[in-house]
Every structure is written in C-alpha cells, then in structure tokens.
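As the structure is a prediction and not an experimental result, all values here were calculated from the model. Order of appearance sets the numbers: ligands from 1, and atoms from 1 within every ligand.
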Amino acid sequence: MKLKNILLYSVASLLFAGCSKSNTSKMDNFIDQLMDEMTVKEKIGQLNLNVSGGFVAGEGINGNTVPLEQRIENGEIGGLFGMKNVEVIKHWQQVAVEKSRLHIPLLFGMDVIHGYDVTFPIPLALASSWDPDMIEQVARTSAIEASSDGVNWVFSPMVDVCHDARWGRIAESAGEDPYLGGEIAKAWVRGYQTNNLLDAPDNVMACVKHYALYGAGEAGRDYNTVDMSRPKAMNEFMLPYKAAAEQGAGSFMASFNEFEGIPATANEYLLDEVLRKRWGFKGFVVTDYTGIMEMTNHGIGNELEVTARALKAGIDMDMVSEYFTTHLQEAIEKKMVKMDDIDRACRRVLEAKYKLGLFDDPYKYCDVARAKATLGKAEHVKQARKVAQQCQVLLKNDGNLLPLKRNQRIAVIGPLGNSANDMLGCWSGSSEKVLPVSLIDGLKIAVGTQGRVEYATGSHLVKNPELEKILVGSFMGLAKAGNAKESTWRSNGELLREALVVASRSDVIIAALGENMNMNGEGASRATPNLPEPQLQLLEALVATGKPIVLVVFTGRPLELTWADQHVPAILNAWFPGVEAGNAIADVLFGDVNPSAKITVTFPRSIGQIPIHYNHKNTGRPHSADDAPYIRFKSNYIDVVNAPLYPFGYGLSYTTFAYARMKLSSNTLSKDGKLTVSIQVKNTGARAGKETVQLYIHDVISSSTRPVKELKGFKQIELQAGECQIVSFEITSEDLKFYNHELEYVCEPGEFEVMIGPNSRDVISASFVYN
Ligand code: NOJ
C-alpha cells in the first residue's frame with residue numbers, strides 16, 4: 001500500500017476505528033468529511049455496481065468500453081459482483097484503495113443462495129426442515145466461506161412468498177407461508193450478519209430480495225406483472241421482507257416486477273413509504289440486474305426518465321444498467337433529480353462500507369491463507385450431509401416399503417439417478433474441491449458389499465431434444481448440469497429396454513425422476529410442472545413390472561405427482577439436496593435417519609389448481625369439504641376436487657404420531673392477556689422420530705375477509721417410541737393481527753378458531769373469544 005494510503009487509513013483508524021461502530025455520529029462525521037471531498041462524478045460512481053466474472057445471471061450488459069481498472073481508478077465504480085476468488089478480489093480492492101483518488105474500498109457481492117463453496121440443499125428444501133436454527137447455521141457457514149474468499153456482501157436471503165409451482169424461482173424461496181417465511185428470513189440474516197456486528201471478519205452483509213412481491217408474477221411466468229390489493233400484499237406476501245428488515249439486514253434488492261402499475265425499481269410506495277418509513281429500514285437498496293434499464297421496456301420513460309425515477313423512488317445502487325453513471329449528471333442539470341437525492345444514496349452506500357469495517361481495513365476479507373483453510377472444509381461437508389438429511393420429505397410409504405434393507409438387489413433407474421452436478425440445484429457455485437455425490441454413488445457407498453446396486457438411465461429428461469440440449473448445458477458460468485450424457489443420443493425405446501433388463505434382475509426399484517438443475521431457478525418457469533412425459537412413461541413401465549418401487553423426486557418446485565401417488569407405494573421428495581445428496585438420500589432410504597421434513601408449499605393434484613395455497617379465503621359459496629365431489633354453484637371444479645395432493649405442512653416419518661386432548665387455558669383472551677393452548681402428541685410407532693407440531697388460527701368474523709387458517713407457530717419435538725409429550729403454545733393479541741382495509745394493523749374482537757396438527761389439513765380445533 002502506498003504511504004499516502006497508509007496514512008489515510010491510519011488517520012481513519014485513529015479517528016474512527018477502535019470506536020464502537022454503533023456510534024453513528026462518528027460514522028456520520030467520517031462520511032461527512034469524505035463526501036466533502038467527493039466530486040459529483042465520484043458520488044455517482046459509488047452508486048454503480050458492476051458485474052465482473054462469470055458467476056451471474058443476466059445478459060452481460062456493460063456498454064462501457066473503458067477498461068474496468070481505469071474505471072475503478074476514476075472512482076466510477078462502487079462495487080463489483082460475481083467473482084469467486086480471493087486473489088482476484090484482492091486485486092480489484094487494491095486498484096480501488098491504492099489507485100483511486102479517495103481510496104474508497106469496493107463492495108464485493110455474490111449470489112450465495114444456499115452455500116458458497118459447499119452447497120447445501122436449495123432454500124425450498126431447507127425450509128422443509130422447519131428449523132430456523134439449522135438454517136441460521138447454513139447461513140453462518142456460507143458467510144464464513146464467502147468472507148474468506150473476499151466476498152463481503154451476499155445477494156440473499158430470497159424471501160419471496162410464492163403460491164405458484166410454475167414459477168422456477170419458488171426453488172429459492174421458503175414457500176407459501178408468510179409467517180414461516182418471516183422466521184426463516186430472520187434466521188438467514190442472523191447467520192450472515194451475526195447480531196449485526198457487521199465488522200466481524202467472517203460476517204457478510206445480507207441483501208434481502210426481491211423487494212417486493214416478485215413471487216406473485218401472473219401465471220407463474222418469471223419477471224411477469226404483479227398486481228393485487230395493498231391489504232393482500234401486506235397480509236400474504238410482505239411479512240418476510242419486514243422480518244428481514246427488522247432483523248437488521250444491511251441491504252435490499254428491488255425486484256424486476258411491477259406493482260400497481262409501477263415497476264418496483266421506481267416504486268416510491270414500496271421503497272420509501274413501506275420499507276423506509278413504516279419499517280424503519282436504514283440500509284441501502286440496489287436494483288436487480290439491469291433493473292433500471294428494463295424500465296424502458298416497462299414503458300414508463302426514456303433512459304433519462306427511468307434513471308431519475310429510480311433514484312427519486314429510493315434506489316441507491318444501479319446493478320449493471322450503467323444508467324446512473326450515464327444519465328444522472330444530465331438529470332441534475334435538467335432538475336429531474338436533486339443533488340440531495342444523489343448525496344442521500346451515496347451516503348447510504350458509504351455507510352454500508354463503513355459498517356463492514358472496510359474503511360478500517362479494506363483487505364479484511366482478502367486473506368489468502370484464510371480462504372485456503374476455510375473453503376470446502378470437511379466439517380462444512382459434514383454439515384451439508386446432516387442438513388440434507390433434514391430436508392427430504394417422505395410423501396408416501398405404503399406398507400412401510402421404506403426403509404430399505406441393504407442386502408438386496410437394488411435397481412436405480414432414471415435420468416436423475418446418475419447426475420452428480422444436478423444434485424446441487426440452481427445457484428450453486430461449489431468448487432472442484434467439493435464434488436457432489438450422485439444418488440447411485442451414495443447408494444453404492446451405503447450398500448458396500450452387503451447388496452448390489454445397478455443403474456440405468458431409463459429415459460430422456462424431457463421430450464423435446466432441442467430443449468434437452470439446453471437444459472443439460474451450463475448456465476451462467478455455473479456447474480454444468482450432470483444429466484446422464486448418453487440420454488442425449490440414445491432413443492427412449494433403447495433406454496427403456498435397457499432399464500427393464502436392469503429392473504428384471506432387481507428386488508426393488510428406485511426411480512430417480514423429476515427436474516434437473518436447469519429446469520427451475522431464474523428464467524425457468526414451467527407451464528406444466530409435472531414429471532416430464534418420457535419420465536412418466538418410464539415410471540409407468542416400471543410400475544408394470546410389478547416390482548416394489550420407491551420414487552425419489554428431484555425438483556425445485558412442488559410437482560404434480562398424481563399418477564405416481566396412485567401407483568407407486570413410496571415417494572421421497574429429495575428436492576436438490578446439495579453436495580452430499582447421494583449420501584444423505586441413502587441415509588434416509590436405508591433408515592439410518594428417520595425423515596422429518598414437511599413441505600412448505602402445497603403440492604397440487606392437478607396443474608389447473610395452481611395457484612394453490614392452504615391459507616386461502618373461504619368465498620361466499622364454499623364447498624362442504626375440500627375432498628367433496630363436484631356440486632354445481634359451489635366454489636369447486638367439475639373435473640377435480642379442491643383438495644391438493646399433499647397439503648402445506650405435510651410430511652411422513654418412519655414412525656407415527658397421534659394428537660389428542662387439545663386444551664385451552666381459557667375461552668377468552670384480553671388485549672394484554674395470554675392464552676395457552678396445548679395438545680398431547682404421542683409417538684405411536686416403533687422408532688424414535690422428530691415431529692413438527694403446527695399451530696393455525698382462523699379469525700371467524702372480521703371487518704375484512706380472512707384466510708381459512710394461518711400458521712402462527714410451530715414446535716419441533718423428538719419422541720422415543722411410545723413416548724408422549726404435551727406441546728403448548730402461547731397466544732397473544734399480536735398473533736391475531738392483520739392489515740385491514742385501511743392498512744391498519746389491527747386485532748378485532750370476536751371469535752377465533754385455533755387449530756393444531758401435523759400439517760395444515762389434519763388439525764384438531766377449538767375456539768376462544770378475543771375481547
Ligand atoms: C438477477 C436475480 O434476479 C438476482 O436474484 C440476482 O441476485 C442478480 N441477478 C445478480 O446475479
């Protein structure tokens with residue numbers, strides 16, 4: 001470091017470091033002084049987030065032809081993202097700190113969605129664990145790894161609530177429930193930022209996305225229009241964003257979609273009124289990839305106009321568009337924005353850098369030795385296996401086909417059975433150091449010499465060969481999908497013949513079917529979220545053999561599995577389990593681990609039911625029961641019952657649990673009072689197991705219509721065979737509140753129904769009066 005810089009940092013350290021970072025007046029003074037030195041161009045430069053490296057989603061837009069090094073030296077860049085390598089990051093940090101006029105360090109962002117070097121199960125799978133503490137530990141390990149590799153800012157958590165299985169990004173979410181989503185959002189933020197002590201060297205700043213309502217795009221098509229009433233938005237979708245803001249997340253990312261006719265990137269109501277004024281969010285907001293530029297496609301103005309609108313609405317940083325750098329100067333001259341608007345945004349970005357401790361030590365995340373010692377550590381891989389065990393959902397297990405014995409002939413059949421990379425799921429950036437374990441490899445290790453495991457591909461991934469080529473390719477510089485390559489040139493008939501031979505010499509078939517990693521995630525909506533045709537045909541042929549079949553489903557969304565449910569005795573929904581996939585699935589299939597996960601999204605019985613979610617309203621003409629047959633002039637379908645295939649909160653175990661004796665401590669609840677509701681849960685099976693006990697509430701009469709039930713609490717218990725436990729929940733008026741028509745957060749007197757059960761369908765209920 002040059003002498004001048006050393007001096008500058010020593011002075012900064014003397015003046016501002018060593019002091020508590022919570023001392024905002026010190027931070028304010030530091031930033032005041034720094035901003036006094038800055039030109040308008042340098043201030044705008046802080047608002048510019050550039051992409052570098054291949055680890056990103058988007059079209060690689062970067063119109064500027066000046067080399068990156070020069071631009072950083074010129075103070076035109078506030079942060080970079082998409083780089084994975086501490087030495088590369090250190091190089092760019094050196095350019096910023098040693099060569100730019102004011103030596104302002106850069107932010108280094110990264111899409112760390114479910115792990116960094118060690119990939120954990122996809123977020124939707126993690127949510128199925130119903131274990132926020134475990135998710136916090138996943139975030140912690142991700143932060144430890146990412147920070148060791150130079151990253152100081154992660155584009156996570158993704159907290160979009162989604163009711164629509166067609167949307168590919170449901171894989172990145174916690175599912176359909178705002179309460180559970182809020183608990184999980186807080187866990188992610190805690191894990192990344194550990195109590196907001198952002199300047200600890202292994203903490204990273206969280207970026208909550210995609211604000212707001214990105215999961216509610218029309219028809220499940222990515223980036224599509226969102227429109228809904230404000231009360232619906234607040235009650236059903238906004239809670240996880242709010243929870244993450246209240247947990248102290250350092251930044252937010254604006255979403256691509258519009259809301260009420262205004263793209264989120266220019267939506268003052270969302271960015272200013274709700275996020276900052278109502279929720280008190282103090283961090284900065286970055287756009288999503290080219291979000292400002294895309295507003296010209298939305299048709300709300302030319303380049304100059306959309307630039308001004310974004311800044312004025314509350315955007316602080318422009319990801320990749322380069323519209324702030326290109327148009328803000330002109331926008332000031334034309335009085336479309338004020339210097340104050342730029343100063344405000346610049347201050348927020350500098351504050352983030354200050355809180356991360358980058359002004360004290362810009363290289364605190366650039367320790368090559370730490371990276372070497374940390375990335376892909378054996379203990380992280382071990383953690384990934386344990387976590388993956390907790391995320392697999394047993395959907396069906398007729399006749400206790402599972403767990404399997406090892407000493408038998410096992411046929412693994414299906415395009416996902418031998419595809420290691422696919423196990424990582426969307427948004428994974430594991431290094432070569434930590435190779436993913438395919439299902440077949442995991443099973444072979446588990447069985448050893450006790451039995452025999454054979455594999456056949458069985459079918460193509462999808463029917464259309466051109467589409468299959470795209471899907472098995474590499475995506476945004478990430479790992480190449482690992483779909484068995486031979487399926488790309490052999491006919492379905494040939495694959496099936498071979499599979500039937502392998503099946504014929506087996507005692508049990510494990511069908512490994514579903515989606516590959518590129519069939520979900522960003523830009524991967526599916527109009528028909530089911531088992532693709534060639535795979536379903538394979539399954540039909542396997543069922544026709546009469547052999548016992550276990551279906552292991554790989555998926556990033558709730559698939560329509562109705563035929564499978566009717567014909568296959570055992571179904572394990574494995575999602576994408578991460579690096580330790582094969583081992584963790586084997587742990588569950590052979591019963592070394594008793595499955596306990598429960599789905600946090602409703603699995604539809606028919607694709608026509610989508611969007612479908614358990615916390616729906618009642619209508620004026622409700623049907624008598626969800627599974628009742630068709631009746632005209634009731635709210636139902638001619639061709640399918642209302643009931644989903646598997647309800648929210650559902651998941652089986654190798655043991656069974658019985659719920660009984662629900663009790664309320666009182667039949668009334670007052671404003672400042674508490675009510676205890678308890679239930680007895682008994683392990684009625686033959687082995688120990690973990691159960692997630694769920695509490696739901698229904699507001700029977702209120703000024704606005706309310707959902708038939710809403711999750712308000714859950715508890716996990718572990719019970720030995722035959723053991724019994726009383727599980728209780730405390731209810732206060734807080735649990736009864738909702739946003740009314742005037743958007744006031746209220747709790748209205750009257751009758752409430754309280755329900756407890758193992759899932760959202762099979763509940764026991766009682767009622768009380770709030771007065
Ligand atoms: C676009 C995605 O929507 C967002 O989730 C991601 O963080 C950015 N690209 C950066 O890669």
Inset, instruction - Using distance alone, decide if ligand 1 has a nitrogen or oxygen within less than 3.5 Å of any nitrogen or oxygen in Arg169. - result: yes
Legend entry - Per-atom contacts of ligand 1 with Lys209, taking only distances under 4.0 Å to non-hydrogen atoms: 4 (C), 5 (O), 6 (C), 7 (O)
Legend entry - Distance (rounded to the nearest 0.5 Å) between Thr307 OG1 and Met293 CE: 11.0 Å
Inset, instruction - Could you check which of Leu49, Asp288, Thr290 puts a non-hydrogen atom nearest to atom 8 (C) of ligand 1? - result: Asp288
Inset, instruction - Under 4.0 Å from a heavy atom of Phe81: give me the atoms of ligand 1 that qualify, with their elements. - result: 10 (C), 11 (O)
Inset, instruction - Considering the heavy atoms of Asp111, write down every atom of ligand 1 situated less than 4.0 Å from one of them. - result: 6 (C), 7 (O), 10 (C), 11 (O)
Legend entry - Set of salt bridge (charged side-chain N to carboxylate O under 4.0 Å, His left out) partners for Asp367, sequence neighbours left out: none
Inset, instruction - Working to the nearest 0.5 Å, report the span between OG of Ser251 and CZ of Arg348. - result: 12.5 Å
Inset, instruction - Indicate yes or no: does an N/O atom of Trp427 lie under 3.5 Å from an N/O atom of ligand 1? - result: no
Legend entry - Modelled atom types, side-chain donor and acceptor of Tyr214 and Asp288, under 3.5 Å: no
Legend entry - Tyr289, any N or O under 3.5 Å of ligand 1 N or O: no
Inset, instruction - Tell me which part of Glu172 gets within contact of ligand 1: side chain, backbone, both or neither, using heavy atoms under 4.0 Å. - result: neither
Legend entry - Trp130/Phe648 aromatic ring centres below 6.0 Å: yes
Legend entry - Point-to-point distance, once rounded to the nearest 0.5 Å, from OG1 of Thr265 to CE of Met319: 10.5 Å
Inset, instruction - Just jot down the salt bridge (charged side-chain N to carboxylate O under 4.0 Å, His left out) partners of Glu303, sequence neighbours excluded, or say none. - result: none
Inset, instruction - Answer with side chain, backbone, both or neither: which part of Met253 has a heavy atom less than 4.0 angstrom from an atom of ligand 1? - result: side chain
